[in-house]
Amino acid sequence: MVRSGSMAGMPSEEVDVVVIGMGPGGEYVAAQCATAGLTTVGIESRLVGGECPYFGCVPSKMIIRAADSLAEAGRVPQLAGSSTVTPDFTPVARRIRDEATDNWNDQVAVDRFTKTGGVFVRGRARITGPHTVAVGDREFTASRAIVINTGTDPAVPPIDGLAGTPYWTNREILRAEQRPASLCVIGGGAIGLELAQAYARFGTDVTVIEVSDRLLALEEPESSELISRILVAEGLTVHTGAKIARVSYDGGFSVELDGGMVTAEKLLVAAGRRTALGELGVGALGLDESARFLEPDDRMRIADGVYAIGDITGKGAFTHMSMYQAAVATRTVLGQDGPPAAYHAVPRVTFTDPEIGSVGMTEKQARNAGSRVRIGLTQLPSSARGWIHKVGNDGFIKLVESDGILVGATAAGPSGGEVLSALTVAVHARLSTESLRHMIYAYPTFHRAIEDALGKLA
Ligand SMILES: Cc1cc2nc3c(=O)[nH]c(=O)nc-3n(C[C@H](O)[C@H](O)[C@H](O)COP(=O)(O)OP(=O)(O)OC[C@H]3O[C@@H](n4cnc5c(N)ncnc54)[C@H](O)[C@@H]3O)c2cc1C
Ligand SMILES: NC(=O)c1ccc[n+]([C@@H]2O[C@H](COP(=O)([O-])OP(=O)(O)OC[C@H]3O[C@@H](n4cnc5c(N)ncnc54)[C@H](O)[C@@H]3O)[C@@H](O)[C@H]2O)c1
């Protein structure tokens, strides 16, 4: 590493690339740049890999997998005899600690990066100039690229009394060794609903409080209606359009709503995410520190030699988005050919049961775009496979066609996220619904319901 003086009292170390935040995308870019022979510094304040493996996707999906096995066992009496299910949270808590997170230790990931030749620095980085990044008592000057992958933190709404109580966010609930007897969830988005249903299936008494007038408010109204109906049928209490007046804690939580009181042993705040661009120092790049997101161009650049990827770009808080943008940024930094970033076919899956998978535009977005829109909607229970499947067959396929092209779709149901793959290919390739009508759909699959929905376009 070449050293040269720069910031007052702080020697600046000259490198090719500095990656700030090693979430899924940052880890990828840093490893690729180091492997390509660039002097690359990866800086991470918590755990290499970011939210997804330690506090997000992976541990939550392990809980969901276990919870779904309980639900499926509970369906035996309607299909195949009798079953007695005794939930136990211990195996899943152990699995998260031992198999997924290594007890929240990232040494394996750090070693994986340093073996590529990268330099790892643990600490909170701050941008200090167009090409400089400070961390602890070190400063780096990046001649080729600074890549920002700092993600988000849980947002905590300014509810009277909430601050100072021992509430959980995703970072605490996914470390829990035991399930609570009762749980109040603030927020009916993806985090809130996935965990609410899973904990309820383990036997926790769960209440969901959502301020919007429907759950999963960004998805199709049919998705909101379906998931509300299922959760209520499974015994959860759901309050929508609910304003929380105050929260208090006295060994247990009391959440005061306009029209009543919810009490629970634990409180999960799953009310969205926040960023802190000021703390990151993007003002040193001439960017607005009060903005919520960084706005990259289609090569992920936010300034000359500076790139942003992942949740902080506001293009969809998903691991697959972080990885997609990481690939675009890597190509740009390394001077490789490849297509620019495009966002017309972003898939997303909420891993409730039924899974809610969607891609591209919702009906409302397509109508707002002003083109000629037709909708095709079919219910899974009336499809051949849905009828055969019987209990647990709730779901639907909704297609959004604009000027003859499939621009959006929802696949809700058993394996809805897998059924979504066919629709994602179609939206990505901007296929006409006419060509989709002349495909062969295997019988009797869940995805064959796509053909039914095509037949109902109107
Ligand atoms: C409960 C939960 C479940 C989820 N489930 C799914 C799912 O099923 N599928 C899916 O696609 N997505 C899911 N997500 C979202 C997914 O976790 C994120 O989209 C994903 O982690 C990508 O985020 P990112 O790349 O922006 O960085 P992050 O994963 O947020 O990582 C950013 C890293 O940067 C570090 N950092 C921040 N500031 C600094 C700084 N100044 N200096 C140094 N380091 C810094 C942080 O410590 C962090 O490790 C889930 C999220 C949660 C919370
Ligand atoms: N399966 C997945 O891909 C997956 C799973 C979990 C999380 N994620 C990602 O993580 C991100 C964050 O998830 P999230 O669920 O926290 O955010 P979200 O924005 O999806 O949902 C938060 C919900 O909380 C509600 N809310 C906000 N303040 C409230 C208040 N004071 N009282 C009651 N309700 C309130 C909002 O109206 C919203 O519906 C998501 O955008 C998603 O992209 C993805």
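Counting starts at 1 for both ligands and their atoms, in listed order.
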Query raised in the report: Hey, would you say the Phe140 and His131 ring centroids sit under 6.0 Å apart?
Result: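 No.
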
Query raised in the report: Can you check whether Tyr199 and Phe89 have ring centres sitting under 6.0 Å from each other?
Result: yes

Query raised in the report: Glu194 near ligand 2, heavy-atom distance under 4.0 Å?
Result: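 Yes, that is the case, since the closest heavy atom of the residue is under 4.0 Å from the ligand.
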
**Report entry** Ala270 near ligand 2 by a heavy-atom separation under 4.0 Å
**Finding:**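 Yes.
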
Mark up the atoms of ligand 2 that fall under 4.0 Å of a heavy atom belonging to [X], in ascending order.
X	answer
Ser212	37 (O)
Phe318	3 (O), 43 (O)
Gly189	15 (O), 20 (O), 21 (O), 23 (C)
Phe351	1 (N)
Val349	1 (N), 2 (C), 3 (O)
Pro157	31 (N)
Ile209	33 (C), 34 (N)

Query raised in the report: Could you walk me through whether Ser254 and Thr263 pass the side-chain hydrogen bond (donor to acceptor under 3.5 Å, both in side chains) check?
Result: CA-CA 4 Å; Ser254 298; Thr263 55; over 6 Å; no

Report yes or no: do [X] and [Y] form a side-chain donor-acceptor pair below 3.5 Å?
X	Y	answer
Asp213	Thr240	no
Gln325	Tyr343	yes
Glu219	Thr410	no
Thr332	Arg299	no

Close N or O approach ([X], ligand 2; < 3.5 Å):
X	answer
Ile191	yes
Glu210	yes
Ile244	no

Query raised in the report: What's the spacing between Ile43 CD1 and Arg124 CZ if we round to 0.5 Å?
Result: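 Going from the CD1 atom of Ile43 to the CZ atom of Arg124 covers 11.5 Å.
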
Report task. Any chance you could measure Ile227, atom CD1, to Thr352, atom OG1, to the nearest 0.5 Å? Result ->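 Going from the CD1 atom of Ile227 to the OG1 atom of Thr352 covers 3.5 Å.
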
Using a 3.5 Å cut-off and no angle test, enumerate the donor-acceptor pairs between side-chain atoms of residues 267-276 and protein atoms at least two apart in sequence or in another chain.
unit_1: Arg273; atom_1: NE; unit_2: Thr152; atom_2: OG1; d: 3.0
unit_1: Arg273; atom_1: NH1; unit_2: Asn170; atom_2: OD1; d: 3.0
unit_1: Arg273; atom_1: NH2; unit_2: Glu51; atom_2: OE2; d: 3.2
unit_1: Arg273; atom_1: NH2; unit_2: Thr152; atom_2: O; d: 3.4
unit_1: Thr275; atom_1: OG1; unit_2: Arg292; atom_2: O; d: 2.4

So between [options], whose heavy atom ends up nearest [atom]?
atom	options	value
atom 4 (C) of ligand 2	Ser224, Gly314, Ala190	Ala190
atom 16 (O) of ligand 2	Ser60, Gly272, Gly187	Gly272
atom 26 (N) of ligand 2	Leu268, Ile64, Val211	Val211
atom 12 (C) of ligand 2	Arg273, Glu355, Glu51, His239	Arg273

Salt-bridged, [X] to [Y], with N to O below 4.0 Å?
X	Y	answer
Arg246	Asp160	yes
Arg46	Asp106	no
Arg75	Asp68	no
Glu172	Arg175	no

Ligand 1 N/O to protein N/O, distances under 3.5 Å:
unit_1: ligand 1; atom_1: 5 (N); unit_2: Lys61; atom_2: NZ; d: 3.1
unit_1: ligand 1; atom_1: 8 (O); unit_2: Lys61; atom_2: NZ; d: 2.8
unit_1: ligand 1; atom_1: 11 (O); unit_2: Thr319; atom_2: N; d: 2.8
unit_1: ligand 1; atom_1: 11 (O); unit_2: His320; atom_2: ND1; d: 3.4
unit_1: ligand 1; atom_1: 12 (N); unit_2: Thr319; atom_2: N; d: 3.4
unit_1: ligand 1; atom_1: 19 (O); unit_2: Asp311; atom_2: OD1; d: 2.7
unit_1: ligand 1; atom_1: 19 (O); unit_2: Asp311; atom_2: OD2; d: 3.4
unit_1: ligand 1; atom_1: 19 (O); unit_2: Ala317; atom_2: O; d: 3.4
unit_1: ligand 1; atom_1: 19 (O); unit_2: Phe318; atom_2: N; d: 3.1
unit_1: ligand 1; atom_1: 21 (O); unit_2: Cys52; atom_2: N; d: 3.4
unit_1: ligand 1; atom_1: 23 (O); unit_2: Asp311; atom_2: OD1; d: 3.3
unit_1: ligand 1; atom_1: 25 (O); unit_2: Asn149; atom_2: ND2; d: 2.8
unit_1: ligand 1; atom_1: 25 (O); unit_2: Ser322; atom_2: OG; d: 2.6
unit_1: ligand 1; atom_1: 26 (O); unit_2: Asp311; atom_2: N; d: 2.7
unit_1: ligand 1; atom_1: 29 (O); unit_2: Glu51; atom_2: N; d: 2.8
unit_1: ligand 1; atom_1: 34 (O); unit_2: Asn149; atom_2: O; d: 3.4
unit_1: ligand 1; atom_1: 41 (N); unit_2: Ala125; atom_2: O; d: 3.0
unit_1: ligand 1; atom_1: 42 (N); unit_2: Ala125; atom_2: N; d: 2.9
unit_1: ligand 1; atom_1: 44 (N); unit_2: Ser45; atom_2: N; d: 3.1
unit_1: ligand 1; atom_1: 44 (N); unit_2: Ser45; atom_2: OG; d: 3.4
unit_1: ligand 1; atom_1: 47 (O); unit_2: Glu44; atom_2: OE2; d: 2.6
unit_1: ligand 1; atom_1: 47 (O); unit_2: Ser45; atom_2: OG; d: 3.3
unit_1: ligand 1; atom_1: 47 (O); unit_2: Arg46; atom_2: NE; d: 3.2
unit_1: ligand 1; atom_1: 49 (O); unit_2: Glu44; atom_2: OE1; d: 3.0
unit_1: ligand 1; atom_1: 49 (O); unit_2: Glu44; atom_2: OE2; d: 2.8

Identity and distance of the protein heavy atom lying nearest [atom]:
atom	result
atom 30 (C) of ligand 2	Ile186 CG2, 3.9 Å
atom 28 (N) of ligand 2	Ala271 CB, 3.6 Å
atom 42 (C) of ligand 2	Ala317 O, 3.6 Å

**Report entry** Atom of Glu194, atom of Ser60 and distance for their closest heavy-atom approach
**Finding:** OE1-OG, 4.1 Å

